[in-house]
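Input: a single structure, listed below in structure tokens.
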Amino acid sequence: MPEIEKTYEPAAVEPKWYEFWLQNGCFTADPARVSKQRPAYSIVIPPPNVTGVLTLGHVLNNTIQDILARRARMLGKEVLWLPGTDHAGIATQNVVEKTLRKEGVMKHRNDLGREALVAKIWEWREKYGGIILQQLRALGCSLDWSRTRFTMDEHYSHCVSRVFVDLYKKGLIYRGKRMVNWCPASLTALSDEEVVMKEQNGVLYYFKVEVVEEPGRFLTIATTRPETIPGDSAIAVNPNDPRYAGLIGKHARRPLPRENQAPLPIIGDDAVAFDFGTGVLKVTPAHDKADNEIGQRHNLPQIDIIHPNGVMNDLAGVDLAGLERFAARKRAVEVLTELGALEKEEPYKNSVGYSERADVPIEPRLSEQWFLKYPSVAEARACVAGVSGKVGVPPAGAGVSPDRNSGEASDAPAPGASNPQVREGETPSPAGGTPTLPEMRFFPDRWAKVYDHWMTGIQDWCISRQLWWGHRIPVWTMLWEGPLATSDSDSQIVRFDLPFLSEEQNRKIAVQVIRPGGAGGEIYFGIAVYPGNPEIEQLLEQRGAKQDPDVLDTWFSSWLWPFATMGWPEKTETLAKFYPTTDLVTGPDIIFFWVARMIMAGFEWMGEMPFRNVYFTGIIRDKQGRKMSKSLGNSPDPLDLIAKFGADALRFGVMRSAPLGADILFDEKNVELGRNFCTKLWNAARFRQMQSGAGVPPTGSGAGVPPVGSEAGVPPAQFEAEIDPALLTNDDQWILLRLDAAIREVSTVLDEYRFSDAAQALYRFFWSEYCDWYLEASKAVLVAPASPAATEAAPPADTRRNNTLAVMDFVLAHTLRLFHPFLPFITEELWQGMGFAQDLPANQGGKTIMFAPWPKPFTEDERAYFGLDESVERFAAAKFEVVNQGRALRRDGNIASNKRVRFILRPSTPLPAHEVAVLKLLLNADPLDLVEASWIPPRGTPAALTPLGDLFLPLEGLIDVAAERERLTKEIAKVTDELTKVRAKLANPNFTDKVPAAVLTEHRNREAAWADKLAQLQRMLDALGL
RNA sequence: GCGCGCUUAGCUCAGUGGUAGAGCGCUUGCUUCACACGCAAGAAGUCACAGGUUCGAACCCUGUAGCGCGCACCA
């Protein structure tokens, strides 16, 4: 084996192995390999925006997914981790338009026109769309690149159109003129989820209006938006408000526009609160959601006074027309003041909806849009573990039944097509009960409540966007002059064959009345066309039908991601084997945008939930707890971090500080810690390499790597060949026990998605236990073996040495595998470099550590075989106590840790020569003299009591007696305190009567131990002399 | 207003009823033949507060305060 270099160089190592994995198809999923013995495991990546670059959020999210995927492979599963990108409508169009404006290509999108702009965006996508995926490679992500998808791939786009038509036919999609969230910057409607509420320091303006029928009587109205007064069409009061009830039916003159101070009706509506403002409300049906509802109840005119871009139109009157809405507010206040109508203004805090993307206040606006009534809500709501409304789960696939033309829509794989994929250790349904539907689990589960709450109050989804980049709505609208085939004019869906289409073609469309008896009594049809029928589209356009110019909300395509990427609507093998996916890893900020909608889509078109488990990551913040943002300059570039510290270091650092359910405060120190840990791992391996030689196969040859699934009951042959249990030292046995504990702990916490706990357990095991204790103790065998006492039947040094190396190899081989999901690169480098891959079958790690089996805890038989029992731990703990005490003595005596000094041990139990050698080494003692029980130290000798006997540091004259006395006095105080506490407990009959026997025994032992210790400390203090 | 979460060492966080823990930072000593990205030893905590349950509470219950998040309202 080549000698391991002195320092680890991630920059040289990482690309090499990534290329190796790619060349060997290690990431490729093959549904044909899925079987009962080899269950499927799948994750679809939350597709990053195609314009995006890697952020720390992506690092967190994708490292978690990679850990899950890599571990699943090691557990013998067929793993599909499916990559891709999202076209991200508004975001992408904004980015590209901005660039084009900067480059002077255009001033406004209209300069280019729809087709040219879309072509430019495609160009952009070709050029930059793969960046983030390339960056994921640098992170080590084991994605199956052969399956990379994009939400605007031809096939994917067909899926989007198909589900649109399907929902349209089911009557769930409708067009309507409604109040929508309008973004005056992006000039498009937005969904409720794209609006974020922000608290504002605003002003509440009070102005008065005169009651027409009672001249001289004024009403005072409070408003935050005086610029909308010209759009008012009523004054509302609460009919139960004695102050104003008598005015209902009368009129008041609105002050603006000043050239048209129209009298408005005073109406009564329960929505008006008595105690807010003055109890009098101006009603602006065209520019406020609540006012719009009042307007509908009272049949008020809707006066639209604002252009789509936020500029006031002519109806706003001469004072305001042409002003931007906030300038208009200022002006309106001035005019009110001039008119003498303004009474007062007071500061006021309120929340205003902002456009998430453009970061400007949205404008509630009446607009004609497409809306969706969510499908499969009941199923989606009921399937999540821990939500309240989960009773009466309907059978899977019980969606709304299609009314006709069902042929094309229903050829998806049969509902319930399942695949055997159960997480290791997953508990089956409760025994004896009725079979329950499989549940989806959220981690942490508190998100289930949030999800349920949203699903309960769910509103129709505005799915049309006034953009060009996206999936164009597959609906053509035309004026219909013939008779209607249905008498029910309220019906949204009409059974109607277009005479200019063939019967066959008519089956590929759905017809909806858009404006029954529209403005001039005309009837408009919306004709939705299944994808892939250009000839129908052509015929429609020849007849004057126009395709809707809008595109669909990006999330209307994202919600199909789990199955549209796997070939739906064809019944692909991929779908059959890998759907539903096993885990979804995403941020809680898109639980409504994406997760909830995917669940509904999963039920609606696959008849099944899209994933079994959803892991919600925290949000990455800087170390002051602020969100990462470009403007703050607090978001480091992950690629810089990788260049500086290595991808493994970044992964480990982030994972170690990312507890389940909490935000992550990112600190480069954590990455440093990851880097340091890699170095530690590297050097521990290097130490092992430096020991090979005399009598050992030069490579260590993967010694002791046990076959996975070795049958219980038979001591594995490999163990016998490599590790002779008869030659195991206490340290060997101890580290095997610690390894076993680490395997158990890491496996358990990973099953619970507690990645930071796993990382910490690994860190602790390898650094504090393996390196700090075992590796140091092993030097007593490898570097400075004890010369056995004449009476002892010690094994030849070489034999014992080989055995220790075998134990080391065993532990390292397991450790590397435990670390692999977290640290894929360095573990592969060491696995190969140290020769662990040799002589192993390819599917057992012979080719790459990626397919080496995940370590298993010892069986009972293996524990017995290696002699691993409690006495091992006990003796090791006693030994460490001796060492700790000795080091403390050294410290008290101000003796440098590198200085060899004489220690004297008066053992309370016979010690094998080897153990004495270990103690000598760890104490850095020379010599370590053993004395008889009768030996009495000279007065003033610092001493420590240990479980293996009394330890002395004979340093006549060198010791600071006063300091030593102080230490002992302090120790005595502490022990006295503990002893008092435990005695007080034991003296309490309530305690002794009620406490469980085991706890009582434990307390009695504790009392004895403290008492013993106190007595000995006292003796030591006495021995120090005065 | 409703709901959720958090409050433990200087910082970030583990710790679900029985002797308060880790990493970082800090202090001291050490280039001891894997590693100074290291080794060793240390200092450091009224477990937010107040009640209650219990033999016993950081942990369970009730309440309070502060912080964070979500939802609703917002003339």
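We name chains A, B, ... by the order of the sequence lines, and we start the count at 1 in each one.
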In whole Å, I'd like the distance from the [atom1] atom of [X] to the [atom2] atom of [N].
{"X": "A:D445", "N": "B:rG3", "atom1": "CG", "atom2": "P", "result": "19 Å"}
{"X": "A:D452", "N": "B:rC71", "atom1": "CG", "atom2": "C1'", "result": "13 Å"}
{"X": "A:F616", "N": "B:rC69", "atom1": "CZ", "atom2": "P", "result": "18 Å"}
{"X": "A:L830", "N": "B:rC35", "atom1": "CG", "atom2": "C1'", "result": "13 Å"}
{"X": "A:D589", "N": "B:rC69", "atom1": "CG", "atom2": "P", "result": "13 Å"}
{"X": "A:K974", "N": "B:rG45", "atom1": "NZ", "atom2": "P", "result": "14 Å"}
{"X": "A:K282", "N": "B:rC74", "atom1": "NZ", "atom2": "C1'", "result": "14 Å"}
{"X": "A:E668", "N": "B:rG25", "atom1": "CD", "atom2": "C1'", "result": "16 Å"}

Ignoring hydrogens and geometry beyond distance, is the side chain of [X] in donor-acceptor contact with the base of [N] at under 3.5 Å?
{"X": "A:E776", "N": "B:rA34", "value": "yes"}
{"X": "A:R891", "N": "B:rA41", "value": "yes"}
{"X": "A:R900", "N": "B:rU32", "value": "no"}
{"X": "A:T679", "N": "B:rC37", "value": "yes"}

Please work out if [X] contacts a base, only the sugar-phosphate, or nothing of the nucleic acid, heavy-atom cut-off 4.0 Å.
{"X": "A:A684", "answer": "base"}
{"X": "A:N988", "answer": "sugar-phosphate"}
{"X": "A:V982", "answer": "nothing"}
{"X": "A:C678", "answer": "nothing"}
{"X": "A:S351", "answer": "base"}

Please check if the distance between the ring centroids of [X] and [Y] is under 6.0 Å.
{"X": "A:W454", "Y": "A:F592", "answer": "yes"}
{"X": "A:F822", "Y": "A:F677", "answer": "no"}
{"X": "A:Y451", "Y": "A:W447", "answer": "no"}

Ion pair [X]/[Y], N-O distance below 4.0 Å:
{"X": "A:R243", "Y": "A:D241", "result": "yes"}
{"X": "A:K644", "Y": "A:E668", "result": "yes"}
{"X": "A:K282", "Y": "A:D232", "result": "yes"}
{"X": "A:R1006", "Y": "A:E1002", "result": "yes"}

N or O in side chain of [X] less than 4.0 angstrom from [N] OP1/OP2:
{"X": "A:R675", "N": "B:rC37", "result": "no"}
{"X": "A:N990", "N": "B:rU54", "result": "no"}
{"X": "A:K899", "N": "B:rG29", "result": "no"}
{"X": "A:N884", "N": "B:rA41", "result": "yes"}
{"X": "A:N676", "N": "B:rG38", "result": "yes"}
{"X": "A:K680", "N": "B:rC39", "result": "yes"}
{"X": "A:W767", "N": "B:rC39", "result": "yes"}

Open item on the list: Between A:I895 and A:E672, which residue's closest nucleotide on RNA chain B lies nearer the 5′ terminus?
Closed with: A:I895
Between protein and nucleic acid, restricted to nucleotides 14-21 of chain B and to nitrogen or oxygen atoms under 3.5 Å apart, what atom pairs and distances do you find?
{"from": "B:rU19", "atom 1": "O4'", "to": "A:R1006", "atom 2": "NH1", "distance (Å)": "3.4"}

Could you go over nucleotides 5-8 of chain B and give all protein N or O partners under 3.5 Å, atom names and distances?
none

Task: Nucleotide opposite B:rU32 in a Watson-Crick or G-U pair, distances under 3.5 Å - done: none
TODO: Sort out the partner of B:rC11 for me: Watson-Crick or G-U wobble, both distances under 3.5 Å, none otherwise.
DONE: B:rG23
TODO: Examine distances only and state if a side-chain atom of A:D291 and a backbone atom of A:P285 form a donor-acceptor pair shorter than 3.5 Å.
DONE: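 No, the answer is negative, given that no donor and acceptor are paired below the 3.5 Å cut-off.
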- [ ] Check the pair A:Q885 / A:T946 against side chain to side chain donor-acceptor pair (under 3.5 Å), numbers first and verdict last.
- [x] CA-CA 7 Å; A:Q885 293 280 1; A:T946 81; over 6 Å; no
TODO: Taking salt bridge (Lys or Arg N to Asp or Glu O under 4.0 Å) as the test, write out the residues that go with A:E356, two or more places apart.
DONE: none
Open item on the list: Would A:R738 pass as a cation-pi partner of A:Y774, given that its NZ or CZ must be under 6.0 Å from the six-membered ring centre and within 45 degrees of the axis?
Closed with: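 Ring-cation test returns no.
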- [ ] Indicate whether any N or O donor in one side chain lies under 3.5 Å from an N or O acceptor in the other, for A:E194 and A:S191.
- [x]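 Indeed, the side chains of A:E194 and A:S191 share at least one donor-acceptor pair under 3.5 Å.
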From the list [options], which nucleotide is the closest neighbour of the side chain of [X]?
{"X": "A:L673", "options": "B:rA41, B:rG23, B:rA34", "answer": "B:rG23"}
{"X": "A:L665", "options": "B:rC74, B:rC13, B:rG29", "answer": "B:rC13"}
{"X": "A:D772", "options": "B:rG42, B:rC35, B:rA40", "answer": "B:rA40"}

